[in-house]
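Every number for a ligand or one of its atoms is a count from 1 in the order of the listing.
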Amino acid sequence: MENVFIVHYGEIGLKGKNRSFFEKQLVQNMRGSLQDTGYTEIRRIYGRILVTLRPEADVEAIRERLGKVMGIAHFELACATEQNMDAIKAAALDWIQGKTFQTLKVDTKRANKNFPLTSPEINAEVGAHLLKNTGARADMHNPELLCTIEIVENAAYIYTEKNQGAGGLPVGVSGKVLVMLSGGIDSPVAAWRMMKRGVKAIYVHFYSYPYTDKSSLEKVRELVRVLATWNYDGRVYLVPFADIQKEIVTKTPAPFRVLLYRRMMVRIAQRIAATVKAEALVTGESLGQVASQTLGNIRAIEDVATMPILRPLIGDDKAEIMDRAQRIGTFEISTLPHQDCCSLFVPDHPATNASIEAVRAAEANLEVDALVEKALEGVEREVVEA
Ligand code: ATP
Ligand code: MG
């Protein structure tokens, strides 16, 4: 008998030709995530992934890390045993020792259809054995202890506790995006939502030093460190934005400033995206949350886009986003004080519904291409370790 984790993934995305691609990526991600936790092997078995453990493996660390691997629906710590009824009965009784319960149920999933007994027969036989030896009662509807037996390939696995996985698709199956990360609450959540759909996220941050201090840079590094535990990639591009802001402030009408900042950010981000082969930009915008996030303004920003700008939070309420940030682990970092480049030199009454023509006209005084090139020259690339 040995202990294992048995990992189940969702059905979505598994169908047809993609199945093997999906599974291989998931296994690769699990290997990366479980480094140094003491597993011996991660391998695919019929419709599941098996993680075998050394006796000294850090079970709690593995449990925590598996909870952060996108694409896993649920996973269980199980004991693996020989595929015969005597071994299964003995192992099941052993596995439930020390647990407190008055009622129990046995539930068998038989992936190996060659096993001589059917699932109901196994349930009945193992159930009778457990009841006799524990004094518990059977309860088919609401048991205090559910003992699951999976008969797969040439072994049997027994478990009693289910862990919820993150769901979604394995990071890497959907390509790459460049996330515009501000240091606020929303953009890290937007990154997480995209990772959950299988994309690898790389980050870009614009900062206004020396007009602001460097606190936003430190926050962004910390945010990327947390996000990298879900994503296995901590690449972040830091873009000096002060010179561009100075130009905008001296040469354009005040009400359009935030929009013009954003248009410049998008232009620069797109260039970085091209160098890292990212196929879309991602922002944390949520419709109507602030003055710059009206449909009209989104359109005025999108006007300069040459690649898709994805906004996974567009329909979310602030409360939902904050709740999610808490569960991802970014909320505490995001709410630390920092000096935000976008609130710099911003008028009391920014344009909330600018026409594209007006915004383009306001930009006419800027040497857009030269400003973009200059900012790109100052970009620094960092890799933050999870
Ligand atoms: P967040 O909580 O992510 O800061 P927000 O609600 O404060 O978002 P805005 O400040 O309007 O919204 O920014 C909208 C989006 O623009 C952000 O979610 C982010 O994707 C991007 N963005 C804003 N400022 C920066 C920045 N300094 N660097 C990179 N991206 C930024
Ligand atoms: Mg912000």
**Study point:** For I185, the ligand 1 atoms whose distance to one of its heavy atoms is below 4.0 Å
**Key:** 2 (O)
Exercise for review: Verify the ring-centre separation between F22 and Y9: is it less than 6.0 angstrom?
Suggested key: yes
Review point. Taking both backbone and side-chain atoms of M180, is any N or O found less than 3.5 Å from an N or O belonging to ligand 1?
Key: yes
**Study point:** Salt-bridge criterion met for R267 and E363 (N-O under 4.0 Å)
**Key:** yes
Point to revise | Lys/Arg-Asp/Glu bridge criterion (N-O < 4.0 Å) met for R324, D316 | key: no
Point to revise | ligand 1-proximal atoms of V204, by part, heavy-atom distance under 4.0 Å | key: backbone
Practice item. For H8, check ring pair (Phe, Tyr, Trp, His ring centres under 6.0 Å) against everything at least two apart and list the hits. Key: H74
Practice item. Check whether any N or O atom of M265, backbone or side chain, sits under 3.5 Å from an N or O atom of ligand 1, and answer yes or no. Key: no
Review point. Between D58 (side chain) and G38 (backbone), is there a donor-acceptor pair under 3.5 Å?
Key: no
Check your understanding: When only distance counts, is K318 in polar contact with ligand 1, meaning an N/O pair under 3.5 Å?
Key -> no
Review point. Mind checking whether T283 has an N or O less than 3.5 Å away from an N or O of ligand 1?
Key: no
Practice item. Number the atoms of ligand 1 from 1 as they appear, then name those within less than 4.0 Å of a heavy atom of F206, with their elements. Key: 26 (C), 27 (N), 28 (N), 29 (C)
Point to revise | Enumerated ligand 1 atoms positioned under 4.0 Å from heavy atoms of G184 | key: 1 (P), 2 (O), 4 (O)
Point to revise | Charged N-O contact under 4.0 Å between K374 and E247 | key: no
Review point. Going by an N to O cut-off under 4.0 Å, is there a salt bridge joining E357 and R360?
Key: no
Point to revise | Flag, side chain of N231 to backbone of A201, donor-acceptor distance under 3.5 Å | key: yes
Review point. Is any N or O atom of G183, backbone or side chain, closer than 3.5 Å to an N or O atom of ligand 1?
Key: no
Exercise for review: Please work out which of H205, E285, R262 has its closest non-hydrogen atom nearest to atom 13 (O) of ligand 1.
Suggested key: R262
Exercise for review: Using a 4.0 Å heavy-atom threshold (strictly under), name the region of V179 that reaches ligand 1: side chain, backbone, both or neither.
Suggested key: neither
